[in-house]
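Letters A, B, ... are given to chains in the order of the sequence lines, protein chains preceding strands, and every chain is numbered from 1.
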Amino acid sequence: MFKKWKKIIKKAFVKPHNESQAIGRGESKETVSTDLDKNMRHLKAVFDRCTDIIFREFEAAIGGGVKIAMVYIDGLVNKEMLTEDLVKTLMYDVASLNSSASVSDPAGYLSRRIIAFTEVKLQDNLLDAVNSVLSGETVLFVDGVSKAFALSTQDWVQRAVTEPATENVVRGPREGFTENLQTNYTLIRRRIKSSRLKFETMKIGAITKTAVSIGYLEGIVNNKIVDEVRNRLQRIDIDGILESGYIEEYIEDAPMTVFPTVQATERPDKVAGGLLEGQVVILVDTTPFALLVPVTFPQLLQASEDYYLRWPFASFIRFIRFVTLNIALLAPPLYIAITTYHQEMLPTPLLISIAAAREGVPFPAFVEAMLMETTFEVLREAGVRLPKAVGQAVSIVGALVIGDAAVSAGLVSPAMVIIVALTAISSFSLPSYFGAFSLRILRFPLMALAAALGLFGVMAGLLALLIHLCSLRSFGVPYISPLAPTSWRDLKDMFFRMPWWSMFTRPRMTGSKEPARQDYMQKPRPPRRRPGGGSGK
Amino acid sequence: MKKDEKVSSIQMLFLLVTTVTVTGFLFVPSITAKFASRDGWISVAVGGTLFGIIVALVCTKLGLYYPDKSVVEYAPELVGRFGGKLIGLLYIFFFMHTNAIIVREFGDFLVTAFLPETPLLVFNSIVVLVAAYAVYNGMEVLCRMNQFLFPLFIAAFSFIVFLLTENISFDNFLPLMENGVKPVIWGSMVPGAWRGEILLMLMFLPFLNQPREAGKTLITAVFVIGFFLTLTAATSIAVFGPLLTQNMVFPVLELARYVSLGHFLERLEAVVIIVWVAGVAVKVAAFYLAAVLGTAQWLNIKDYRPLVYPVGIFILLYSAALFENSRELVDFLATVFAPYAYFFELIIPLGLLAVALIRKRGGQKQ
Amino acid sequence: MLILILMMVFMGIIALEAPVMVKNRQWRELAAFGVLMLGAMALTFAQALGLPLPNPTMGIEMIFGPVSDMIKNVLS
């Protein structure tokens with residue numbers, strides 16, 4: 001206690017000093033020299049004991065023969081392409097070219113005329129060369145030239161584009177993001193064929209050097225949000241990024257809340273839709289989960305399929321979702337509160353049947369509910385974690401234990417089983433798996449409040465929850481907008497999903513820079529004369 | 001103080017309506033029925049509204065001399081340092097004291113109507129805690145929270161009134177003004193004091209993103225509040241008659257108990273209570289925020305948040321210590337509260353306005 | 001027992017609030033917080049020990065009671 005105080009007081013008086021960032025963490029900033037051997041010695045020292053790095057030295061048939069060395073990582077490059085287009089060309093084909101002993105800019109000449117690759121970067125710095133090698137490029141050194149050539153030869157084994165595992169749809173595209181950043185760019189670009197779609201890439205992670213990319217639609221997105229995202233990303237100083245979850249925890253507005261203020265999604269169509277509404281996407285290499293910001297709580301309750309189904313169904317599904325949201329959060333607390341304190345609220349026949357069912361159950365409703373909810377969470381976790389084949393067994397055991405044995409043994413009442421099952425199904429019916437998490441966690445404190453104070457406790461808990469939700473912001477956007485602050489025109493896409501031709505504007509909070517989404521008066525009308533001539537017979 | 005927090009006129013309107021109505025509709029019907037008998041609803045509709053409009057006009061006129069300051073801040077500028085600070089202190093006291101009364105009303109109601117075995121202090125401390133959380137998060141959050149809840153209040157209210165229509169007997173209103181105008185005016189004292197709670201605007205005006213609209217907002221608020229309170233008072237008199245109404249402590253609760261829908265939906269008072277709990281939390285938070293803001297401004301403190309907990313303890317403590325029992329509370333509300341509130345709602349602002357008018361101060365700032 | 005719980009609550013509040021103010025060097029806030037907190041604690045302990053609290057209602061009733069009576073006399 002006192003130590004903590006001392007620390008705090010010390011902090012208040014000692015001026016914070018900027019720790020100078022250790023540049024490159026020990027890797028030198030040496031330039032590429034004209035001496036090939038020197039370069040190679042340096043690289044070999046850097047890549048000491050890295051068995052997957054290949055050094056290949058050969059002579060190109062230019063003039064009297066120029067010594068050339070190439071460095072790449074086995075497995076990250078397309079070897080066939082290297083052999084055919086680089087090594088063969090340099091060894092045999094260039095012999096037919098005129099000798100060019102008097103070229104003033106040998107590096108430029110080489111990249112312009114000789115190295116037949118689509119993407120060639122000239123590098124002065126050995127550190128850049130090393131990084132290029134590590135990211136799967138092939139780096140070429142030519143004797144007598146003080147530049148390194150980085151050729152984009154990346155080609156590694158990767159998962160094909162498959163259906164996403166989390167957000168499934170009945171109607172809609174079945175592509176999901178993959179672990180490859182380039183593929184993910186393509187998936188978005190194919191949906192938005194506009195030069196206004198921008199991607200900015202940066203490397204985060206001192207050791208992993210993971211490529212992280214910010215994507216947005218220029219002119220639609222609020223530039224302040226992009227700047228904010230960029231700033232927050234640049235502030236991250238960590239050794240490694242393995243998944244976008246790392247990024248999420250560094251950039252979210254409210255780190256101490258159970259609610260996600262950054263949306264993770266696997267669906268390119270969802271990202272494209274978000275971009276069109278002025279959201280910013282953060283793509284991270286090596287993970288199929290893209291991050292969308294800013295996000296609001298209602299958006300977590302929307303599935304991309306809502307926009308593909310016809311609007312009456314979509315609206316109906318949304319309505320169902322609000323019901324399930326409430327069930328997932330409130331069913332067990334209400335059950336506890338009502339059976340413990342407010343029996344008189346139930347209609348008498350229902351009260352009698354519940355009382356009969358609870359007869360002989362040794363626990364109070366709260367303990368009973370806690371028991372069952374915990375069991376359910378354990379089963380869920382086991383089902384996710386175990387191999388598929390075993391997972392089946394778990395669900396069977398779970399069904400037997402929860403559904404039957406516990407009731408017959410008189411440990412829990414059948415009513416409680418119904419409540420738990422209802423809650424479980426409801427919480428899974430929410431489109432955002434990560435949003436549903438927060439509800440699951442919150443259920444437990446609400447249950448405790450219900451057990452302590454009945455409905456009043458539940459209400460107090462909900463009020464605190466509401467205040468909390470109102471106080472949250474995601475990149476400046478209030479978390480429960482458009483509900484509060486109310487934006488009437490955005491409510492069209494909230495409880496209901498109004499027909500597409502009636503949603504004229506982008507959401508006010510993110511898309512106010514270019515609010516018009518479409519033209520008015522596009523509601524389809526029957527033509528005056530039916531095509532195909534007379535009818536109605 | 002966080003002056004960059006801004007709320008829209010509609011949010012302010014909702015906040016004021018919730019704040020005044022939520023306790024008003026519980027206590028006003030029975031208190032007015034005591035004074036004005038079956039004409040209680042006229043007291044609420046006419047007298048209360050008139051008084052409310054006067055308060056609204058005075059508060060706006062005064063507030064707009066200093067659109068970015070609260071009464072605690074500009075009072076010293078108007079009447080000199082000592083007098084101004086004294087007025088500020090009085091207002092802080094008023095907000096805290098009134099808030100303690102509100103919390104007490106809340107606890108008393110819940111103990112009477114809902115969970116008789118639970119100690120009063122449990123309810124009081126929980127509502128103060130919830131309100132403290134809201135105050136801690138600031139005006140914007142409070143308004144947003146209320147904006148979220150407001151439709152629910154309206155829905156629950158209309159639902160109950162709608163279901164009661166079959167039990168209404170208009171004979172209970174007749175004869176109109178049997179004993180002349182005097183009891184009606186007398187009866188309007190308490191609803192007037194309630195309506196006057198819109199004086200919160202003296203503290204909250206700087207939060208408005210369009211201070212010019214303050215007058216319109218306040219007067220609309222007075223009318224909306226008048227509508228709801230009149231409807232409540234009229235419904236309880238129409239359903240129960242004046243005698244029964246004045247002897248009940250919480251006629252609205254009895255109204256909700258009275259509702260029955262096809263012998264399936266009964267005992268709807270739970271709905272009333274739940275909605276009411278939410279509303280009171282908003283009201284307590286509004287007064288709480290006014291008290292804390294006032295204290296911070298009085299002491300020239302930029303950040304009001306450190307004061308939230310100490311002020312909350314005062315409110316909580318006095319919510320329990322002010323009155324021995326519910327009887328005393330209702331007596332206080334019925335007799336002394338009206339002139340007490342008038343002093344703060346009308347007399348002080350009127351005095352300040354007079355000073356401001358005399359000093360002119362180059363007219364109102366645009 | 002009650003006193004102990006109250007002590008813990010107060011310690012909790014102070015531990016929650018004070019470090020932030022010290023860190024941000026809000027000395028004025030800290031002073032105001034300290035004074036108000038001391039007052040609140042004193043009153044709470046007085047209440048917990050059953051001592052009478054200064055009750056403003058009496059004063060208010062004394063000042064405004066006659067006004068109320070006056071109105072009553074005029075209007076009835």
Are Glu328(B) and Thr57(C) close enough, and set up right, to give a side-chain contact (heavy atoms from CB on, under 4.5 Å), and what steps lead you there?
-> CA-CA 11 Å; Glu328(B) 257 183 53; Thr57(C) 313; over 6 Å; no

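- When all heavy atoms are compared, the tightest approach of Arg305(B) to Glu17(C) is O-OE1, 4.1 Å.
- Taking every heavy atom of both residues into account, Phe314(B) and Ala40(C) meet most closely at CZ-N, 3.6 Å.
- For the atom pair CD (Gln26(C)) and CG (Asp303(B)), the distance works out to 5.0 Å, reported to the nearest 0.5 Å.
- Using a 4.5 Å heavy-atom cut-off against chain C, the contacting residues of residues 338-346 of chain B are Pro339(B), Tyr340(B), Phe343(B).
- Taking CG of Leu43(C) as the start and CG of Leu317(B) as the end, the distance is 5.5 Å to the nearest 0.5 Å.
- Top candidate by heavy-atom pairs under 4.5 Å with chain B, chosen from Val35(C), Leu38(C), Leu36(C), is Leu36(C).
- Side chain of Glu29(C) to main chain of Tyr304(B): no donor-acceptor pair is present (N/O by atom type, distance under 3.5 Å, no hydrogens or angles).
- Both the backbone and the side chain of Ile60(C) come within contact range of chain B, each with at least one heavy atom under 4.5 Å from a heavy atom of that chain.
- Residues Thr335(B) and Ser68(C) share a closest heavy-atom pair of O-OG, 3.3 Å.
- Within the 4.5 angstrom heavy-atom criterion, atoms from both the backbone and the side chain of Glu61(C) approach chain B.
- A donor-acceptor contact shorter than 3.5 Å links the side chain of Arg28(C) to the backbone of Leu299(B).
- Of all residues in residues 121-135 of chain B, none places a non-hydrogen atom less than 4.5 angstrom from a non-hydrogen atom of chain C.
- For the residue pair Pro310(B) and Phe33(C), the shortest heavy atom distance occurs at CG-CD1, 3.7 Å.
- Here Phe332(B) contributes atom CZ and Phe64(C) contributes atom CZ; the two are 9.0 Å apart, rounded to the nearest 0.5 Å.
- Only the side chain of Tyr318(B) comes within contact range of chain C, judged by heavy atoms closer than 4.5 Å.
- A distance of 7.0 Å separates CG of Asn55(C) from NE2 of His97(B), quoted to the nearest 0.5 Å.
- Only the side chain of Met21(C) comes within contact range of chain B, judged by heavy atoms closer than 4.5 Å.
- For Pro66(C), no part sits under 4.5 Å from any heavy atom of chain B, backbone or side chain.
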